[in-house]
Structure formats: structure tokens, C-alpha cells
Undergrad: 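The structure's right below; bear with me while I get my questions together.
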Number of protein chains: 2
Amino acid sequence: MSTSEQIVRAAPSRGRRSARAAGDERERAILTTAERLLERRSLAEISVDDLAQGVGISRSAFYFYFPSKDAVVLTLVDRVVEQAGAARDRALERQASDPSAAWREGIESFYEVFGAHRPVIRAVTDLSATNSEARELWSQVMDGWVSQVTEMIEAERTRGAAPRDLAARDLATALVQMNERVLHAIFIDETPAVGERQVIDTLTHVWRSAIYGACDER
Amino acid sequence: MSTSEQIVRAAPSRGRRSARAAGDERERAILTTAERLLERRSLAEISVDDLAQGVGISRSAFYFYFPSKDAVVLTLVDRVVEQAGAARDRALERQASDPSAAWREGIESFYEVFGAHRPVIRAVTDLSATNSEARELWSQVMDGWVSQVTEMIEAERTRGAAPRDLAARDLATALVQMNERVLHAIFIDETPAVGERQVIDTLTHVWRSAIYGACDER
DNA sequence: AAGCCTATCAACACCGTGTCGAGAATGCCG
DNA sequence: CGGCATTCTCGACACGGTGTTGATAGGCTT
């Protein structure tokens, strides 16, 4: 806890050109408005004008703060990405002490990070249809999870607890993508979808059996 | 010439208002043009004008044949859906004779149906971001697969070959969605993605172990 | 007061969509 | 043949959304 970040990450620069100003408030207001609107409507149904009106400025004033609607979403996503990274690291630490429980906990954090920001998740996947930056950002997130899981699988194999039939990375990729897809379906109320009450059990079962189960018959 | 199909299938009606005409040819030309263009560019990068020019008619003439760009894609998808249904039924028949081989074969047909129409698949997922009809159509396809797989799992359980830990339908949903996501990633060259050579093995392994493996520890 | 940022907006140019009404082209029937 | 309907095509328009630009206002510094 006690996150004492004094230096703001010089990072992405998706927002306004210059830093520092009273209008920082406006910038944040745009972000929260976007998140609020995304709870009710899909990204495609939200115009720059909606965003501007939601904050009480004109459409063109919006462009002072963000170069486009997409940039707003990407900024929102950046935050979630950061949280996802933290959750991932926490899950890794846990593995050292209790490998068997780690899978379920990893899946749970996946669920929580995604679930806490459903509108943002929905927006970034929608955006990925048209925006390559969104695709790259998201694939970076996925890649982080996959690498993590690959390492974890390999650790279990080294320990002698898991068989070596498949390339660990392929297996990890399939499992992580399953989680993404299954949770996404739940969060946007698709049908068919796994029941939300059972989702953790279901995913955990598939993970465990796939990782520890031998590949008897080819 | 001599096109002697007098009764056109009363089917989907996505296309032109009236039936019957020499312009049937044009309608088909639009569809093949769309499929061709989708091989190079994403749906968002294709305008109605591109489609019209590709066929050699004016943009407004296009609207005589289809009410919108989306309708063209949906028509294309209808075909694939039909093929998917056929592949699905074939897989089911196979199960009766050899339950153990059926899983792999089912996954292979999934792979083939998807793979044979990559541009169309890409288009319908992109379209789902903005078009509810696309979402419904696709979820119908998924639901078909899930129901099929649920039955197959239950058959194996009745036979005493598979344990009953999880709700069969939840498990089936997770597995089918995994396939969708994993194959989709491969087909649109995402990273991370499972290696295309190993994908059938990887997916089959996860399916088998999840279906036949007991859920030892909760 | 002069000058410089920050912030705001109206007006404009642009692009893609979908509609409408005015006709060609084609074919059928009397 | 000539008249009429259906099929098809197009130019012109209205609309809605995006992103840019140039003019301007207010505040803070020096």
C-alpha cells in the first residue's frame, strides 16, 4: 500500500500538449465523463460532442485537451493496464509460497481487474476494430499475462509437478485467451456465457487439468 | 442466361427488396467484391463507395441492392454460418462411432470453417462492435456449437467415461469460447498467439483434460 | 502596460452515409 | 408498332460526425 508516487510517470502523453494547469481538472472531468457515459452506451454511440457537453464545454474546446475521442479511451485504458500489471505481480509472489493455490488466485485477480472496469474493457475491444494503437496496447497487456503464466507453468514442470507435453507458452496463451474471452462474454452480457457464479470454478478447473494432466492420447 | 430458378429461397432477405432480375449478377458481384476487399483491408477501411466502384456502379446504385454496407457483411456471414452448421452436424455423427476421436475432429472442423473464411470472420467481429444484428447472429452460431458440445459431454458422462464435477454447459461454453478466441488471434495475426502448427494439439489437449480430468482439489 | 501563456469558441472544410426524384433501359402486352 | 411497368442508374441533397484554424478573452508575470 502507501503508494507514494511523487513523480508522475513521464509516460504516455496521450492527453494535453503541455502539462500543469488549472485545466487539469477539466482533463480529469473529461475522463470521468467518458467512463460514466460508457456505462450506458457503447463507444460508437458516444460522440465528441457528448463528451464536451458532459463537461460543459464546447466541442472544439475538447480538442484542446485531447486530440480525439480515441485518445480519451486509451488514457482510460492506460490506468487499467497499470492495475493489471500490479495484480499480475501480486499473483506471482503468491506462487512462491503456495503453487497450488496460485492458479485460482491468479484467475481471481484477472476477474477482478477486468470486472472493476467493465466499461473501459468493452471500449478498448470495440476500439480495437478501428484503432491500431488500441490493438497494440491490448496485445501488450495480454502478452504480459502470457509470459507470467508461461513462467509459472515452467516452474511447476521444473519442480516435477507438471508434465511437459506441450510448449508451455502455447498452453499459457490458450488459457489466458480463454479467460479473456469467457470473462468478456460475461461482462457484456453475451449469450452464451458461463454463469458468473461458476466462472472462477470453471476456469480454474480447466487450467488445473490442462496444466497438470498428462496428454495421454495424441 | 437461362437462369431457371423461379422460386428464390424465401430466406434471409438481407439483400434486394424484390426478387428476380438480371441484376442478380450484380448482387453477387457486390458480395464477391466485398470478400475480396476484406482480404486486404479491415471493414472500417472500406466505404460503400469502394464497394460500388469495385463493381463499376455508382454509390447510390449500390443502395438498390443492399440497404447498407453492414447488410453485405451479414449476407456473407450467413453463408459461413450455414457451413458451420453442416460441419457441426458432421462432427456429431462421428461421435457415435468413435467418441475419443470426435473431440479432435470437432476442433478441426471448427478450425477449417473459420480458417476458410478469415476475412468474413474478421469482418463480423469488427462489425459486432457497432451492429447488434451482427452480435445476435454470431451469438447464435456460438450457441449452436455450445449446445452441441454440451450434449457430447453429457453423452460421455452417461457412458461413465467422464466425471460430473462441473455443469456441462459451463464447461462447454468455456471451451468453445477458448477455441474462438485462440483461432481468431491466429487468423488476424495477433500477438500473442498460439503457433498455428500446434494449435490443434494444444486445443485438443485442453479439451480432453478438462472433460475427462477430475476436479480433484477445489 | 506589455507580453505571454492558458483556455475558449464560432466558423469552416471534409468525409461518409443514406434518401429522393428524375430519368434510362428492358421487356411484356395489346 | 406503341404504351406501360418494372428494373435499374444516377446526380443532388441533407445530415451527422470529425478535426482545424484564427480570432479573442482572461489571468499571471516582469
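Lettering of chains follows the sequences in order, A, B, ..., and the numbering in each one begins at 1. None of the values given here were measured: they were computed from a predicted structure.
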Undergrad: Let me know the distance between CG of B:D70 and P of C:dT17, rounded to the nearest Å.
TA: 10 Å

Undergrad: I'd like a table of atom pairs between the protein and nucleotides 9-11 of chain C - only N or O on both sides, under 3.5 Å - with the distance next to each one.
TA:
unit_1 : atom_1 : unit_2 : atom_2 : d
C:dC9  : OP2    : A:S58  : N      : 2.8
C:dC9  : OP2    : A:S58  : OG     : 3.1
C:dA10 : N7     : A:S60  : OG     : 3.3
C:dA10 : N6     : A:S60  : OG     : 3.2

Undergrad: So do the side chains of B:T173 and A:V182 get within less than 4.5 Å of each other, counting heavy atoms only?
TA: no

Undergrad: Are any of B:Y65's side-chain N or O atoms less than 4.0 Å away from OP1 or OP2 of D:dC8?
TA: no

Undergrad: Please list all pairs passing the ring-ring contact (aromatic ring centres under 6.0 Å, His included) test where one or both residues lie in residues 130-152 of chain A, with sequence neighbours left out.
TA: A:F110-A:W145, A:F114-A:W138

Undergrad: Could you grab the distance from atom CD of A:E35 to atom CG of A:L38, nearest 0.5 Å is fine?
TA: 7.5 Å

Undergrad: Round to the nearest Å and state the distance from A:E27 atom CD to C:dT8 atom P.
TA: 12 Å

Undergrad: Judged by atom type as modelled, is there a donor-acceptor pair below 3.5 Å linking the side chain of A:N179 to the main-chain atoms of A:I107?
TA: no

Undergrad: C:dT19 P sits how many Å from B:K69 NZ, rounded?
TA: 15 Å

Undergrad: Not counting sequence neighbours, list each pair that qualifies as a side-chain hydrogen bond (donor to acceptor under 3.5 Å, both in side chains) and has a residue in residues 85-95 of chain B.
TA: B:R94-B:E105

Undergrad: Quick check on B:E196: does its CD atom have over 12 non-hydrogen neighbours (other residues, nucleotides or ligands) under 6.0 Å away?
TA: yes

Undergrad: Report, one pair per line, the protein and nucleotides 22-27 of chain C atoms (nitrogen or oxygen only) whose separation is under 3.5 Å.
TA:
none

Undergrad: Go through A:S47 and A:D50 one step at a time and tell me if the side chain to side chain donor-acceptor pair (under 3.5 Å) criterion holds.
TA: CA-CA 5 Å; A:S47 69; A:D50 294 330; 3.3 Å; yes

Undergrad: Can you check the B:Y63 OH to C:dT19 P distance for me, whole Å?
TA: 8 Å

Undergrad: Give a yes or no on whether a salt bridge exists between B:D70 and B:R135, defined as a side-chain N under 4.0 angstrom from a carboxylate O.
TA: no

Undergrad: Between the main-chain N or O of A:W103 and the side-chain N or O of A:R208, is there a donor-acceptor pair closer than 3.5 Å?
TA: no

Undergrad: Restricting both atoms to N or O, compile the protein contacts to nucleotides 24-29 of chain D shorter than 3.5 Å, with distance only.
TA:
none

Undergrad: In whole Å, what is the span from the CZ atom of B:F62 to the P atom of D:dT7?
TA: 20 Å

Undergrad: If the test is side chain to side chain contact (heavy atoms under 4.5 Å, CB included), which one of B:N131, B:L74, B:V48, B:L127 qualifies with B:K69?
TA: B:V48

Undergrad: Just by modelled atom types, is the A:A71 backbone N or O under 3.5 Å from a matching donor or acceptor in the A:E133 side chain?
TA: no

Undergrad: Heavy atoms, side chains only, cut-off 4.5 Å: are B:V72 and B:F62 in contact?
TA: yes

Undergrad: Using side chain to side chain contact (heavy atoms under 4.5 Å, CB included), reason through A:Q140 and A:E136 one step at a time and then give a plain yes or no.
TA: CA-CA 6 Å; A:Q140 211 178 297; A:E136 277 157 34; 5.7 Å; no

Undergrad: Of the residues in residues 42-54 of chain B, which ones touch DNA chain C at a heavy-atom distance under 4.0 Å?
TA: B:S47, B:V48

Undergrad: Send over the distance from A:R26 CZ to C:dT8 C1', rounded to a whole Å.
TA: 9 Å

